[in-house]
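Please read the structure below before turning to the comments.
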Amino acid sequence: MRKLPRSFYRRDSLELAPLLLNKLLVHGSRVVRIVEVEAYRGESDPASHAYRGCTARNATMFGREGHLYVYFTYGMHWCANVVCGEKGVARAVLLRAAAPVAGLAELRAARFGSSARRPPASQRDRDLCSGPAKLAQAMGLTGEHDGADLVLGDLGVVLAADGIEPPASPGTSTRIGLSAGTEQPWRFFVTGDPNVSRR
DNA sequence: ACCGGGATGTTCT
DNA sequence: GAACATCCCGGTG
């Protein structure tokens, strides 16, 4: 398991997004393998939080590459992005889904509660991280992790590579859940992985 | 299986 | 006041 250097993040979000597939996201003892992402491209992208410039909410997106951008939405959900590009240029990749790898008990507790009873059919492993807010909830990522440096491992959050390469031909589609910028095929996913979010 | 609506509160117009 | 990079549950077929 090899932590990714700063230079890995020094690319445009469109280039970084498919490279994030099959990378490991680590938070303490919890480890997941990223299987679905979306690229966002700042000022030129009407779907991006940075489309109308830098605000208190999206400031991390304009900051240094290799940091987490975590935002709050729909009054109850957190979503996590990886900031890339160069400082001052708002580029980020939304982490949309992942496969559980380690720390399954903690992932389940964070998503479904710590009750010891047998989970119902809806509480399957593929429901742990099969969406951006589910992924953040399972991994325990909230506003306190906004701005965390993945290269330094701030707050125990790290991005790492193991033996698994990104897919040579990832699946692609338009981005999900938007009302603008819906034309660009800037969603990338590991074809056939059961943890990829469903439409 | 699919579809519709409610939850819940921050951010920006 | 509206929108929101979402999710869950309960309806119906």
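Side chains are part of it too, since the values below use all heavy atoms of this structure and drop only hydrogens, waters and symmetry mates. Letters go in sequence order (proteins before strands), and every chain restarts at 1. The model shown is predicted, which means the values in this text are computed figures rather than measured ones.
- In this structure, Tyr71(A) places its OH atom 13 Å from C1' of dA3(C), rounding to the nearest Å.
- Here the P atom of nucleotide dT6(C) and the CG atom of Leu94(A) are 7 Å apart, to the nearest Å.
- Distance NE2 (His49(A)) to P (dA3(C)): 15 Å, rounded to an integer number of Å.
- Remark: C1' of dA5(C) and OH of Tyr40(A) are 4 Å apart, rounded to the nearest angstrom.
- Surrounding CZ of Phe72(A) are more than 12 heavy atoms belonging to other residues, nucleotides or ligands, all under 6.0 Å away.
- For dT8(B), the base is not stacked against the aromatic ring of Tyr74(A), per a cut-off of 5.5 Å between centres and 30° between planes.
- Note that CG of Leu150(A) and CG of Leu68(A) are 4.0 Å apart. Values are rounded to the nearest 0.5 Å.
- What separates CZ of Arg175(A) from C1' of dT6(C) is a distance of 16 Å, to the nearest Å.
- For the pair Pro132(A) and Leu94(A), the tightest heavy-atom approach, listed with the atom from each and the gap, is CB-CD1, 4.2 Å.
- In this structure, the CZ atom of Arg111(A) is 8 Å from the C1' atom of dC7(C), given to the nearest Å.
- Taking atom CG of Leu95(A) as the reference point, atom P of dT6(C) lies 13 Å away to the nearest angstrom.
- In terms of phosphate contacts, His77(A) brings no side-chain nitrogen or oxygen within less than 4.0 Å of OP1 or OP2 of dT8(B).
- Ala47(A) comes within 4.0 angstrom of a base, heavy atoms only.
- Closest approach of Glu43(A) and Ala90(A) over heavy atoms only: OE2-N, 4.0 Å.
- Remark: Asp127(A) CG to Phe112(A) CZ distance equals 5.5 Å, nearest 0.5 Å.
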Write out a two-atom table: protein N or O, nucleotide N or O from nucleotides 11-13 of chain B, distance below 3.5 Å.
| residue | atom | partner | partner atom | Å |
| --- | --- | --- | --- | --- |
| dC12(B) | OP1 | Thr55(A) | OG1 | 2.7 |

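- Following rounding to the nearest Å, Arg96(A) (CZ) and dT6(C) (C1') show an atom-to-atom distance of 9 Å.
- Across all non-hydrogen atoms, the minimal contact from Glu183(A) to Thr174(A) is O-CG2, 3.5 Å.
- In the region residues 186-198 of chain A, proximity to DNA chain B at under 4.0 angstrom, judged on heavy atoms, holds for none of the residues.
- For Val196(A), the side-chain contact (heavy atoms from CB on, under 4.5 Å) partners two or more places apart in sequence, or in a different chain, are Val35(A), Glu36(A), Arg187(A), Phe189(A), Asp193(A).
- With dC4(C), dC7(C), dT8(B) as the choices, the nucleotide that has an atom nearest any side-chain atom of Ser179(A) turns out to be dC4(C).
- Of all non-hydrogen atoms in Tyr40(A) and Met61(A), the two that sit nearest each other are CB-CE, 4.4 Å.
- Interatomic distance, Arg11(A) CZ to Arg91(A) CZ, rounded to the nearest 0.5 Å: 15.0 Å.
- Remark: dC7(C) base-pairs with dG6(B). Criterion, Watson-Crick or G-U wobble with two distances under 3.5 Å.
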